[in-house]
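Proteins come first, then strands; the chains are lettered A, B, ... in the order of their sequence lines, and each starts at number 1. A quick note: this is a predicted structure, and the numbers were derived from the prediction, not measured.
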Amino acid sequence: MDFLTELRSRLRTALTSLTDSPDSYVEMLKLSQDGKFGDFQANCAMPLAKQTKKAPRDVATALIEKLDVADLCDPPEIAGPGFINLRLRSDRLAAETAKLTKDDKLGVAEVDSPKTYIVDFSSPNVAKPMHVGHLRSTVIGNALCRILRFLGHRVLSDNHVGDWGTQFGMIIYGYKNFRDDAAYQRDPVSELARLYRLVNQLSDYHELVANLPKQREKLPLSEAALVAARQSAAANPADKDALRLVKKSEQELSDLKGAIASAEKKCQSIDENSALKTLADAHPKIGELARRETAKLHAGDVENKRLWDEFVPKCMLALESMYQRFGITFDMALGESWYNPMLAGIVDELKNQGMAVVSEGATCVFVEGNDAPFIVQKADGAFTYATTDLATIRYRVDTLHADACLYVVDSRQSEHFQLLFATAKKIGYDKTEFRHVSFGTVLGEDRRPYKTRSGDTIGLESLLDEAIQNARKIVDENSSHLSEPERANVSILVGMGAIIYVDLHHNRDSDYVFSWEKMLATTGDTATYIQYAYARVCGILRKGDVDAKQLRSAGHSILLDTPAERALALQLNRFSNALGDVAVDYRPNLLTQYLFETANSFASFYNECPVLNAEPDALRASRLLLCDATARILKQGLNLLGIGVADQM
RNA sequence: GCGCCUGUAGCUCAGCUGGAUAGAGCAACGGAUUUCUAAUCCGUCGGUCGGGGGUUCGAAUCCCUCCAGGCGUACCA
């Protein structure tokens with residue numbers, strides 16, 4: 001039973017005579033932060049006392065009188081300034097735990113009013129191989145889908161792949177000019193990726209070469225500005241603004257120097273490579289020409305459309321193999337191209353309604369409070385991802401009847417989503433929950449975005465391979481009792497689990513530092529720890545030759561006479577609540593935390609309470625039931641995160 | 001310039017719709033195994049929650065301000 005939710009509902013009833021707005025007070029009933037304060041604590045008497053100008057302890061006393069929890073808790077106690085401490089009755093906790101051990105859904109009730117969620121995640125660019133930057137979106141989005149679905153919602157996962165943008169023009173241009181037919185026959189996707197990188201690099205080169213003189217001209221100006229700022233600050237040491245100006249000038253100068261150095265380095269790498277240099281010289285307008293290929297594709301050019309039709313399925317197939325490794329399937333993968341036919345209509349509508357105006361040649365929506373425009377059509381007539389995203393909203397709400405649309409996307413795009421949602425609301429989509437489920441960057445040990453030493457982004461494929469290889473070493477050290485195929489299987493589970501868990505266990509808002517050492521640590525708060533706990537439970541059930549189905553249906557009672565058993569039982573009953581917490585603000589880290597605590601409770605129990613040798617039989621049966629329920633919750637919980645388990649490891 | 005985010009133990013991070021002595025993991029140190037997997041458990045050490053003001057009976061949490069860092073900011077997505 002979800003005791004927290006039940007107790008809150010009881011508290012709500014008790015509060016009705018004391019306040020008209022019980023909601024915020026009900027929330028103040030939470031898990032105790034310390035076992036000596038009982039299992040739950042209600043902190044609402046103090047603020048309520050302030051409102052009514054009474055003594056907090058008197059309010060607490062009055063509240064307790066109204067609070068009907070005698071069937072659930074020992075008599076409530078008032079402590080300190082007016083905390084109400086609640087401790088569950090052991091008989092009730094035991095009875096509810098017994099019920100949970102027999103429940104297929106492990107005490108998780110389906111939500112009263114299911115919603116239709118569209119979860120937009122992963123969304124790689126088909127032109128480029130997936131890299132570490134796609135990891136978080138993929139992993140967080142998948143976890144949210146599974147959790148919301150388990151709670152009883154209708155969930156549609158959508159891979160909104162980038163298959164229509166500027167990058168496609170680069171591929172087409174590269175294919176027409178630089179392709180290696182043999183390589184394309186052998187491995188089309190790698191060849192296309194190579195062509196993309198090449199065109200991108202050459203086009204960058206020309207842009208940098210064109211801009212370098214301007215930047216170099218700025219250098220003396222920036223230096224002079226710094227000197228002037230320093231002089232002014234020296235003349236007025238107390239002037240804070242002057243000091244600030246010095247810092248700012250220093251920053252700007254250093255940024256400028258950095259930009260020039262980085263540009264020079266990039267140009268140099270081309271200049272020194274005669275083959276690349278020859279190509280660069282032969283294609284001086286490559287950037288513009290690639291953009292033109294995109295425009296032709298969008299305009300329906302037969303040849304480009306044919307190439308697009310040829311490339312996209314190959315790319316999608318390659319992506320598919322990646323998702324298979326994660327065990328992810330999408331309900332749909334409607335890429336940008338799918339919305340193409342609707343874009344002109346969207347812009348027309350915005351114009352007709354007077355919401356979009358032409359500014360500096362581009363068609364824009366201006367949202368109050370934002371200086372930057374939301375550009376729905378560029379000066380050259382091309383549509384942008386803003387247009388596509390509006391069309392997507394229209395489809396998701398009008399056709400798919402979404403109650404909520406989640407976008408699991410990098411936090412750097414927050415401004416885009418703010419404008420997108422504001423615009424959607426303006427055109428009438430004001431009943432749907434739109435939510436940018438944002439997340440931070442994966443950093444390297446140097447606190448810069450995670451890259452290889454040479455500065456390339458790290459491919460996801462090789463990252464996963466490396467994780468599994470590293471896991472294999474650990475498995476070999478620890479599991480001499482397993483056969484070769486078993487070890488290989490466990491290595492995959494441990495390696496993949498490590499990557500997924502590390503990502504999910506951080507608060508999604510924060511950046512995190514990627515570290516192999518921490519991730520694959522065999523101790524502490526890791527996937528491995530939880531997987532191991534699961535395997536240990538399985539070991540007990542296997543060794544005892546326990547028929548789980550029979551065990552569950554035999555009608556055994558649960559006995560909770562030791563602290564370890566009681567703590568574990570309480571923890572098992574929290575599963576439902578933990579999942580609910582995830583759904584409130586789309587935070588999977590609350591589930592990783594719960595699972596770690598559960599595995600931890602089990603480990604203590606395991607240490608203190610013998611199971612197979614327990615006597616009498618009633619105690620043995622009770623402990624076996626706790627083991628079985630623990631295993632099921634750990635397995636189900638990890639499964640909701642996209643992480644697998646093995647019975648032995 | 002404007003906007004968003006971040007700053008918590010030596011390290012990596014939770015906690016942030018205000019509540020009791022600020023929590024984990026790692027690292028360090030000390031214990032536990034004739035008993036179901038020691039990839040384990042128990043304990044110790046460790047923090048003026050970036051600084052300063054304010055609101056409050058009560059602030060890591062809310063407000064103001066300063067400092068430090070990251071990101072975004074008109075035709076890439």
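- Across all strands, A/A49 comes closer than 4.0 Å to no nucleic acid atom at all (heavy-atom distances).
- Within 4.0 Å of A/V611, counting heavy atoms only, lies at least one base atom of the nucleic acid.
- Contact annotation: A/K543 reaches the phosphate of B/U37 (side-chain N/O to OP1 or OP2, under 4.0 Å).
- Within 4.0 Å of A/C627, counting heavy atoms only, lies no atom of the nucleic acid at all.
- Taking only side-chain nitrogens and oxygens, A/S414 never comes nearer than 4.0 Å to OP1 or OP2 of B/C5.
- Contact annotation: A/N600 side-chain N/O to B/C41 OP1/OP2 distance is under 4.0 Å.
- In terms of the side-chain hydrogen bond (donor to acceptor under 3.5 Å, both in side chains) criterion, residue partners of A/N159 (sequence neighbours excluded) are, by chain and number, A/Y323.
- Contact annotation: A/R536 side-chain N/O to B/A38 OP1/OP2 distance is under 4.0 Å.
- Comment: A/K473 does not engage A/E477 in a salt bridge, judged by the lack of any side-chain N to carboxylate O separation of less than 4.0 angstrom.
- Side-chain N/O atoms of A/N478 include one lying less than 4.0 angstrom from OP1 or OP2 on B/A39.
- The aromatic rings of A/W164 and A/W308 sit perpendicular, their planes meeting at an angle over 60°, well past the 30° parallel limit.
- Considering only side-chain N and O atoms, A/R587 lies nowhere under 4.0 angstrom from the phosphate OP1 or OP2 of B/A14.
- In the model, A/S32 has no side-chain atom that pairs as donor or acceptor with a side-chain atom of A/D39 under 3.5 Å.
- A donor N or O paired with an acceptor N or O is found under 3.5 Å between the base of B/A39 and the side-chain atoms of A/S479.
- Both A/N613 and A/E336 sit near RNA chain B, but only A/N613 has its closest nucleotide nearer the 5' end.
- In this structure, A/A535 reaches the bases: a heavy-atom distance under 4.0 Å links it to at least one base atom across the strands shown.
- Under a 4.0 Å N-O distance rule, the pair A/D585/A/R435 qualifies as a salt bridge.
- Under the 4.0 Å criterion applied to side-chain N and carboxylate O atoms, A/R12 and A/D23 are assigned as salt-bridge partners.
- Residue contacts for A/N589: at a heavy-atom cut-off of 4.0 Å it reaches the sugar-phosphate backbone alone, with no base atom in range.
- The residue A/Y512 sits close only to the backbone: its heavy atoms come under 4.0 Å of sugar-phosphate atoms, none of a base.
- Atom CZ in A/F83 sits roughly 13 Å away from atom P in B/G18 (whole-Å rounding).
- Taking 4.0 angstrom as the limit, A/N507 places a side-chain polar atom (N or O) nearer than this to OP1 or OP2 of B/G15.
- Nucleic acid contact for A/M649: base, since at least one base atom lies under 4.0 Å from a heavy atom of the residue.
- In this structure, A/E597 reaches neither bases nor backbone, as no heavy-atom distance under 4.0 Å exists between it and the strands shown.
- Between the base of B/A74 and the side chain of A/S359 there is a donor-acceptor pair shorter than 3.5 Å.
- Checked by distance alone, A/N85 brings a side-chain donor or acceptor within 3.5 Å of a matching partner on the base of B/A20.
- At the heavy-atom level, A/R620 lies nowhere under 4.0 Å from the strands shown.
- For B/A77, neither phosphate oxygen OP1 nor OP2 lies less than 4.0 angstrom from any side-chain nitrogen or oxygen of A/Y385.
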Review point. Taking it one step at a time, do A/H416 and A/F374 satisfy ring-ring contact (aromatic ring centres under 6.0 Å, His included)?
Key: CA-CA 8 Å; A/H416 166 72; A/F374 193 54; 5.7 Å; yes
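- Among the heavy atoms of the strands, none lies under 4.0 Å from A/A521.
- Counting any heavy atom pair closer than 4.0 Å across all strands shown, A/P56 reaches no nucleic acid atom.
- With values rounded to the nearest 0.5 angstrom, A/L634 atom CG is found 8.0 Å from A/F602 atom CZ.
- Between A/Y529 and the phosphate of B/C41, there is a side-chain N or O to OP1/OP2 separation shorter than 4.0 Å.
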Enumerate the protein-to-nucleotides 27-30 of chain B contacts in which both atoms are nitrogen or oxygen and the separation is below 3.5 Å.
none

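- A donor-acceptor contact closer than 3.5 angstrom links the side chains of A/D255 and A/Q251.
- Both key distances under 3.5 Å define a Watson-Crick or G-U pair, and stretches of 3 or more such consecutive pairs in RNA chain B run B:1-7 with B:67-73, B:10-13 with B:23-26, B:28-32 with B:40-44, B:50-54 with B:62-66.
- A/F596 and A/Y529 have tilted rings, their planes meeting at an angle from 30° to 60° on a 0 to 90° scale.
- Looking at A/Y385, A/F121, A/Y339 one by one, the single match for ring-ring contact (aromatic ring centres under 6.0 Å, His included) with A/H160 turns out to be A/Y339.
- Taking only side-chain nitrogens and oxygens, A/S510 comes nearer than 4.0 Å to OP1 or OP2 of B/A14.
- Protein atom CG of A/L612 is 5 Å distant from nucleotide atom C1' of B/C36, rounded to whole Å.
- The residue among A/R542 and A/K247 whose nearest nucleotide of RNA chain B is located toward the 5' end is A/R542.
- Ring orientation note: the planes of A/W516 and A/F514 are nearly perpendicular, at an angle over 60° on the 30°/60° scale.
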